[in-house]
Amino acid sequence: MKKVVLDMDTGVDDALAIVLAMNAPELDVVAITTVAGNVSVEKCTRNSLLLTEILQPDDPPPVAEGASTPLVKQLVTAPEVHGPDGLGGELGTLPTPSRPRLEVPAHEVLTALPRECPGEITLVATGPLTNVARALREDRTGMALCERLVIMGGAFGVPGNTGPVAEFNFYVDPEAAQIVMDSGLDITLVPLDVTTATILTREVLEGYRGTGGDAKRRPGRDLGAILYRALDYYIRYQLKESGLDAGYMHDPLAVASVIEPSIVTATTGRVEVVPGGKDRGRSFAHPPGPGGPEVRIATSVDARTFARLLGRGVLSPTFGL
Ligand code: BDR
Ligand code: CA
């Protein structure tokens, strides 16, 4: 089993990424670290604690809380996409997790774990890169002991989702994104160019729900009810915004590419992230060369294999067809 750490701003698609990773026989989720992004970091921590203890009640992975604001910029959140609580619901409607978060801050966990298991940890980062940048600043050697980093972020040949040109995670903390892109670590970027090719349609979701009926159930500790409410909100937002009756599976694709690396093909390039101004968060890929370290940038995805992994790991076990 491959050891993974998930660093995330636990909104709707991050939640699906947790379920996909924890249900994958190929992966061992050793910890989750949270970062402000889709919602406040406290909500991300609460959502992560709740989901992990429902999925693995006997021995849930620890959750450590990280940055509450980006390195330099003010925090921008996206409740219109992910709901006021980050999982498509009003505040106070989710159950309270039964265990506390770790006392240790996220950026320390991000370097302590690879130091414990050198060369064995894959870090999957699906939020703004604030924690990862901090970890690099404080203990680059520890971070370099990760096997590799898989990062959902950036938009190259497609429009942005936060304004016309920027992808949300890079937009929220562009300084952190640049630090991570320049780190020289083994990085695979999973940008909007490929994540927007992996969607979950309303039709497929309702199909998996089979007989239906649990939509109106209170979320309680039923994973199906919690995730249905989250996805229903997420898809309704997309329908209103763009006319697409589906939700983008950004963060689950990052996890899927660790379960099955051949699911994406990639090019290499040096990534520049625009720090501010009207193009804040925009990413450019420059050709490999002497200008700085390169990362792999996913350019195409096998959407059928992704759909199979999502069905196997999330939809079937959660909605019970
Ligand atoms: C990214 O932004 C967030 O809203 C999603 O969770 C995903 O990580 C997509 O741009
Ligand atoms: Ca995310």
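When a ligand or atom number is given, it counts from 1 through the structure's own listing order. Along the sequence shown, the residues carry numbers beginning at 1. Everything numeric here is computed off the predicted structure, so don't read it as measured data.
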With respect to the Ca ion (ligand 2), what is the nearest N, O or S atom of [X]?
| X | result |
| --- | --- |
| D9 | OD1 |
| D251 | OD2 |
| D14 | OD2 |

For H250, is at least one N or O under 3.5 Å away from an N or O on ligand 1? no

Below 3.5 angstrom, do we get any N/O pair linking H82 and ligand 1? yes

Do [X] and [Y] land in one hydrophobic cluster if side-chain heavy atoms of ILVMFWY residues count as linked below 4.5 Å?
| X | Y | answer |
| --- | --- | --- |
| L200 | V194 | yes |
| I297 | Y248 | no |
| V29 | V314 | yes |

Does the side chain of T111 pick up a donor-acceptor pair with the side chain of R140 at under 3.5 Å? no

Nearest-neighbour protein heavy atom for atom 6 (O) of ligand 1, which is reported as residue plus atom name and distance: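 Nearest neighbour among protein heavy atoms for atom 6 (O) of ligand 1, to 0.1 Å: D13 OD1, 2.5 Å.
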
Does R282 qualify as a cation-pi partner of F170, given the criterion of NZ or CZ under 6.0 Å from the six-membered ring centre and within 45 degrees of its axis?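 No, cation not above the ring by the 6.0 Å, 45° rule.
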
Output the list of atoms in ligand 1 that are nearer than 4.0 Å to some heavy atom of [X], sorted by atom number.
| X | answer |
| --- | --- |
| N38 | 3 (C), 4 (O), 6 (O) |
| N161 | 9 (C), 10 (O) |
| D14 | 6 (O) |
| D251 | 5 (C), 6 (O), 7 (C), 8 (O) |
| F168 | 2 (O), 3 (C), 4 (O), 10 (O) |
| E167 | 1 (C), 2 (O), 9 (C), 10 (O) |

For the rings on H82 and Y233, is their centre-to-centre separation under 6.0 Å? no

So, T126 and the Ca ion (ligand 2): N/O/S under 3.0 Å, yes or no?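 True for T126.
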
Below 4.0 Å from any atom of ligand 1, is there a heavy atom belonging to V81? no

Name the residue from T33, D9, D14, T10 that meets the side-chain hydrogen bond (donor to acceptor under 3.5 Å, both in side chains) definition with S48.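 Single side-chain hydrogen bond (donor to acceptor under 3.5 Å, both in side chains) partner of S48 among T33, D9, D14, T10: T10.
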
At what distance, to the nearest 0.5 angstrom, does CG of L51 lie from CG of L223?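 If we round to the nearest 0.5 Å, L51:CG and L223:CG are 6.5 Å apart.
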
To the nearest 0.5 Å, how far apart are CD in E116 and NZ in K3? 10.0 Å

